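What follows is one structure encoded as structure tokens, with my remarks underneath.
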Number of protein chains: 2
Amino acid sequence: MSTRDRILSAYEELLINEGPRGATMDAVVALAGVSKGGLLYHFKNKEALAAALITRLQELAAEDIRTMAADPEGPSRYLVRESVYVGSALDRALIGVVRLAQASDAEASAVLERIHRDWMDLVLAEVGSPAIARAIVLLGDGLYYNEGLPGGWPREKSSSTAESVAELLEVVEVLKAHAASLQRSR
Amino acid sequence: MSTRDRILSAYEELLINEGPRGATMDAVVALAGVSKGGLLYHFKNKEALAAALITRLQELAAEDIRTMAADPEGPSRYLVRESVYVGSALDRALIGVVRLAQASDAEASAVLERIHRDWMDLVLAEVGSPAIARAIVLLGDGLYYNEGLPGGWPREKSSSTAESVAELLEVVEVLKAHAASLQRSR
DNA sequence: GTCTATATTCTGATAGAC
DNA sequence: GTCTATCAGAATATAGAC
């Protein structure tokens with residue numbers, strides 16, 4: 001792993017665990033094990049650090065969306081299955097960029113919006129009904145925030161992840177069945 | 001409105017729009033139109049400012065939960081109806097405290113967790129099925145983040161709020177009907 | 001490519017006048 | 001109750017040595 005990647009991952013890690021407030025250049029430097037000058041050789045300022053993380057997210061998300069489109073269980077189930085935070089490279093980049101967006105980074109918001117719309121488009125193409133598609137995507141959003149943000153929305157203590165996801169996938173089936181019946185009755 | 005309340009609301013406003021990063025004492029002072037000394041008379045340090053906002057949220061949330069329990073359409077529909085951000089005093093305090101929690105404020109997280117559990121308890125008592133209750137609360141969470149965070153998760157451009165909420169309430173009915181059928185088949 | 005040293009600006013907080 | 005003046009420490013960024 002290159003020094004550049006190590007620095008970027010340290011920044012990501014700090015965004016996730018400490019928030020934008022804690023992701024100072026000093027903290028990044030300490031975690032990545034380089035000096036301040038070393039950091040500034042690779043990223044000329046803090047903005048460049050944020051831009052690089054956003055680029056990393058775009059690349060990972062593009063790949064994920066292709067996987068979602070090709071998933072044998074369909075995009076809806078894929079979305080809900082994968083919305084539980086497991087600490088994948090995509091999860092980490094996504095939450096890091098969400099933190100940036102929360103700190104009013106316009107570029108971060110724009111990228112998140114594009115990813116979100118891609119999800120919505122795939123789910124809509126599968127289920128047909130915009131209302132049901134919206135509900136499924138919102139379910140994924142809620143799950144993501146519930147599970148994924150340390151210190152964000154509190155996690156359900158009950159959720160022994162695996163089985164609670166199975167339950168939610170059942171709910172997704174109920175919604176898909178309803179969407180299908182809407183299709184037939186048109 | 002007292003000076004104290006004006007200061008606290010300025011802090012809340014900055015948390016929402018600029019994030020914890022931007023909610024500096026200087027910024028609060030500028031927005032509230034008082035001097036730094038004036039602020040520090042009412043709140044002896046920044047921690048006191050955060051604690052006061054959390055207290056404000058607790059009071060507003062306690063009242064809201066009583067309203068939710070007594071709503072004629074039931075807690076589930078109330079939750080989804082009210083989860084769309086409309087800028088009420090509760091909405092604002094809630095998002096402000098979410099921002100604090102994201103900045104690793106333990107007290108903020110604890111209060112959010114209690115509110116969240118109260119919602120879950122009411123919805124569960126109404127629908128009977130934990131899985132369906134969880135889905136409904138997650139739907140509210142997703143909605144809240146989608147609509148409520150400026151620069152957070154992007155808002156659907158399609159959502160002409162009123163009708164998209166009506167659609168989601170339809171989805172809630174589908175879920176409630178399914179929960180009821182689960183109850184009967186036990 | 002990476003480091004040290006330093007300049008500059010911002011943030012939170014104190015002391016005391018009015 | 002509210003203000004001005006001021007400070008210590010942290011954060012970003014620059015310059016230049018190795």
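Computed over heavy atoms, backbone and side chain alike; hydrogens, waters and symmetry mates excluded. We name chains A, B, ... by the order of the sequence lines, and we start the count at 1 in each one. The model shown is predicted, which means the values in this text are computed figures rather than measured ones.
Atoms CD1 and CG, on B:Ile65 and B:Leu79 in that order, are 10.0 Å from each other to the nearest 0.5 Å.
Taking atom NZ of residue A:Lys36 and atom C1' of nucleotide D:dA13, one finds them 8 Å apart after rounding to whole Å. With rounding to whole Å, A:Glu18 atom CD is found 12 Å from D:dA11 atom P. Distance CG (A:Asp26) to P (D:dG9): 15 Å, rounded to an integer number of Å.
With 3.5 Å as the limit, one finds no donor-acceptor pair spanning the side chains of A:Asp141 and B:Tyr144. With no hydrogens or angles considered, no side-chain donor-acceptor pair links A:Tyr85 and A:Asn146 at under 3.5 Å. When only modelled atom types and interatomic distance are considered, B:Ser9 and B:Arg56 share a side-chain donor-acceptor pair under 3.5 Å.
At a threshold of 4.0 Å, the pair A:Asp105-A:Arg99 does not count as salt-bridged, since none of the basic side-chain nitrogens sits closer than that to a carboxylate oxygen. Salt bridge B:Arg66/B:Glu63: absent, no basic N to carboxylate O contact under 4.0 Å.
Nucleic acid contact for A:Ser35: base, since at least one base atom lies under 4.0 Å from a heavy atom of the residue. Among the protein residues, A:Leu40 comes within range of the nucleic acid bases, having at least one heavy atom under 4.0 Å from a base atom.
When DNA chain C is scanned 5' to 3' for any atom under 4.0 Å from a heavy atom of chain B, the first and last hits are C:dT11 to C:dT14.
Base pairing in DNA chain D yields stems of at least 3 consecutive Watson-Crick or G-U pairs, both distances under 3.5 Å, namely C:1-18 with D:1-18.
Of all heavy-atom pairs between B:Leu143 and A:Leu138, the closest is N-CD2, 3.6 Å.
Each of B:Val34 and B:Arg21 was assigned the nucleotide of DNA chain D with the nearest heavy atom; the assignment lying further toward the 5' end belongs to B:Val34.
Applying the salt bridge (charged side-chain N to carboxylate O under 4.0 Å, His left out) test to pairs two or more places apart or on separate chains, those with a residue in residues 29-49 of chain A are A:Asp26-A:Lys36.
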